[in-house]
Amino acid sequence: MAVTSATEQGRLAGPLSMSVANLCHRLQAQVSPRTAAGFAEVLRRLGGPLQVAVAGRIKSGKSTLVNALIGRRVAPTDVGECTRLVTRFQYGTVDRVEIVFNDGRKQVLPFAADGMIPAELGIDIEKVSHIEAYLTNAVLQGMTVIDTPGLGSLDAASVSRTEQLLGAAKHRKPDDGEEDDSADSEGSDELDDTSRNAVAGAEAVLYVVTQGVRADDQQALAAFTAATASREAGPVNAIAVLNKADTIAPESVEGSGGDVWKAATLLSEKQAATLKPRVADVLPVIGLIAESAESGGFTSGDAEALRQLSEMDDDILETMLISADIFTSWDCDVAAGTRLRLLEKLDLFGVRFAVETIRAEPEITAGSLRRKLLDASGLEAVRQRLSIVFAARADGIKAAAALASVTALAHASGDPGERQRVHDAIEVLLAKPEAHQLRLLEALTLVASGAVDMPEDLSEEVLRVGSNADIGAQLGKPGASRTDLAAHALERAGWWRSFASFGATPAQSRVAHVVHRAYFLIWQQIRD
Ligand SMILES: Nc1nc2c(ncn2[C@@H]2O[C@H](COP(=O)(O)OP(=O)(O)OP(=O)(O)O)[C@@H](O)[C@H]2O)c(=O)[nH]1
Ligand SMILES: [Mg+2]
């Protein structure tokens with residue numbers, strides 16, 4: 001029996017990924033070469049870092065946020081062809097960018113003079129599948145970041161390109177131009193389009209919304225769905241940010257007391273009410289300031305210009321800060337070009353924040369000012385959330401995504417015998433106690449996505465038990481004693497078991513059995 005090798009084990013996110021990897025290894029010998037090639041791809045992905053897609057509407061600031069997260073200004077923002085392409089940022093030992101064409105061909109793309117991916121490629125982008133960027137930045141060892149074009153644009157071609165890449169294949173009809181007949185490639189170990197898409201797709205989503213885009217905006221939601229298409233997104237693998245928090249007019253938000261950050265926090269809570277339980281959380285962030293502070297964009301020259309501004313008469317500065325036009329066209333000692341650069345890096349809110357910081361602490365160094373800007377951007381909270389929500393659960397998320405891919409591959413094979421063998425193997429795997437976490441994630445996603453309807457208090461309980469790593473939080477009793485927790489777990493286990501048997505619909509009952517077992521396992525873990 002083929003088992004996962006020691007080197008592979010080292011790279012897998014945890015025991016769940018390992019059990020799915022073992023399943024793939026075992027099945028490889030029992031399926032057609034093409035499905036086996038698909039399994040090989042699933043195995044390759046299981047061994048890699050979590051794949052996080054940054055999705056959202058056009059111009060919501062996705063690429064800016066990607067740069068901030070990677071800590072390097074490398075993704076083109078604002079204009080240019082590249083904002084219409086999917087770019088995958090992954091770890092590499094040398095910096096390298098490749099254009100991947102639809103036919104699989106690759107071409108190395110030189111970085112632009114400023115170290116960024118060129119905004120214009122100088123080739124027919126209709127022929128381009130996506131861009132792969134290998135960067136030495138350490139953050140990418142922990143996750144692969146996928147920058148996506150803003151959906152909701154009128155550009156249907158880039159929308160469908162994104163959907164294909166991110167795994168919306170199940171909705172797609174065979175392309176006219178490309179052959180889809182399995183007969184041709186039968187016996188070959190090349191991945192066909194369907195199989196490729198079955199294993200592609202992001203495993204987690206960072207969903208970018210702005211004040212201007214209502215959270216329930218259909219096109220914004222389409223962008224969200226497209227990013228995870230073949231698997232359901234939910235609080236396990238999706239978080240949202242309310243970006244461009246600096247541009248929120250506080251007077252438009254009741255209760256903000258005129259404070260921009262307070263307004264952003266209130267708006268985020270409101271968006272969360274609409275988006276939950278699709279996402280774990282909605283966090284306010286100022287991507288632009290985060291990018292400038294994190295990627296070396298903010299220089300000591302900028303700090304010096306801000307210091308000069310801070311020494312100006314307050315009334316004059318206030319007038320200048322009314323609008324970008326006034327700020328750049330006003331007659332003052334700081335060169336207009338420098339002011340324009342400050343705006344590009346910090347926008348008016350950031351300039352004001354920096355000036356106020358310098359006035360409160362005139363001796364502040366450029367480095368400390370950069371640090372304060374970073375703190376003000378809210379990026380740290382997003383990072384922390386990413387590590388709590390995603391990194392800590394990478395094993396479960398990756399294993400669930402891999403299982404979904406395995407199922408999709410078997411389904412795409414067109415061979416009923418093969419489909420049955422794969423199906424049986426998955427059932428055996430899921431029946432094992434150590435795979436319970438996968439069942440729980442599945443149940444949670446069914447409830448979160450509304451596929452299984454539950455009374456609200458029960459939904460909340462399922463979400464709580466399924467999406468927390470810490471037992472106190474799972475039981476909704478943070479800080480309670482072990483004895484209390486054990487008693488509570490046992491009580492809830494009993495309750496869910498009887499709910500499963502009496503009063504629940506068949507779909508609810510399946511979820512209830514999983515929740516019952518989750519409580520039971522918690523109890524086993526903490527009883528004396
Ligand atoms: N004021 C402000 N501007 C921002 C912020 N984040 C991004 N921007 C600006 O918004 C514009 C669009 O940003 P991008 O990062 O290119 O947005 P995108 O979502 O990647 O755009 P597409 O890929 O074309 O859909 C740029 O001019 C950014 O400088 C922010 O937090 N505050
Ligand atoms: Mg972009």
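Atoms within a ligand are numbered from 1 in the order they appear, just like the ligands themselves. Because the structure is predicted, anything quoted here is derived from the model rather than measured.
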Checklist outcome for this item: Partner of E294 under salt bridge (charged side-chain N to carboxylate O under 4.0 Å, His left out), picked from R370, K345, R72, is R370
Checklist entry - Backbone or side chain, does S63 get an N/O/S atom under 2.8 Å to the Mg ion (ligand 2)? => result yes
Tell me which part of [X] gets within contact of ligand 1: side chain, backbone, both or neither, using heavy atoms under 4.0 Å.
X: N243; value: side chain
X: T247; value: side chain
X: I58; value: both

Under 3.5 Å: N/O of [X] near N/O of ligand 1:
X: T64; answer: yes
X: G61; answer: yes
X: G287; answer: yes
X: E344; answer: no

[X]/[Y] ion pair, N-O < 4.0 Å:
X: E98; Y: R105; value: no
X: E344; Y: R341; value: no
X: D124; Y: K127; value: yes
X: R307; Y: E304; value: yes

Under 4.0 Å from a heavy atom of [X]: give me the atoms of ligand 1 that qualify, with their elements.
X: D347; result: 1 (N), 2 (C)
X: I286; result: 31 (O)
X: S60; result: 19 (O)

Next on the checklist: K244: which residues meet the side chain to side chain donor-acceptor pair (under 3.5 Å) condition with it, sequence neighbours left out?
Outcome noted: none
Checklist entry - With sequence neighbours left out, what residues match S329 under side chain to side chain contact (heavy atoms under 4.5 Å, CB included)? => result none
Checklist entry - If hydrogens are left out, which of L343, T77, L288, N67 has an atom nearest to atom 30 (C) of ligand 1, that is, the closest non-hydrogen atom? => result L288
Checklist entry - Side chains of N243 and T210: do they bring a donor and an acceptor to under 3.5 Å? => result no
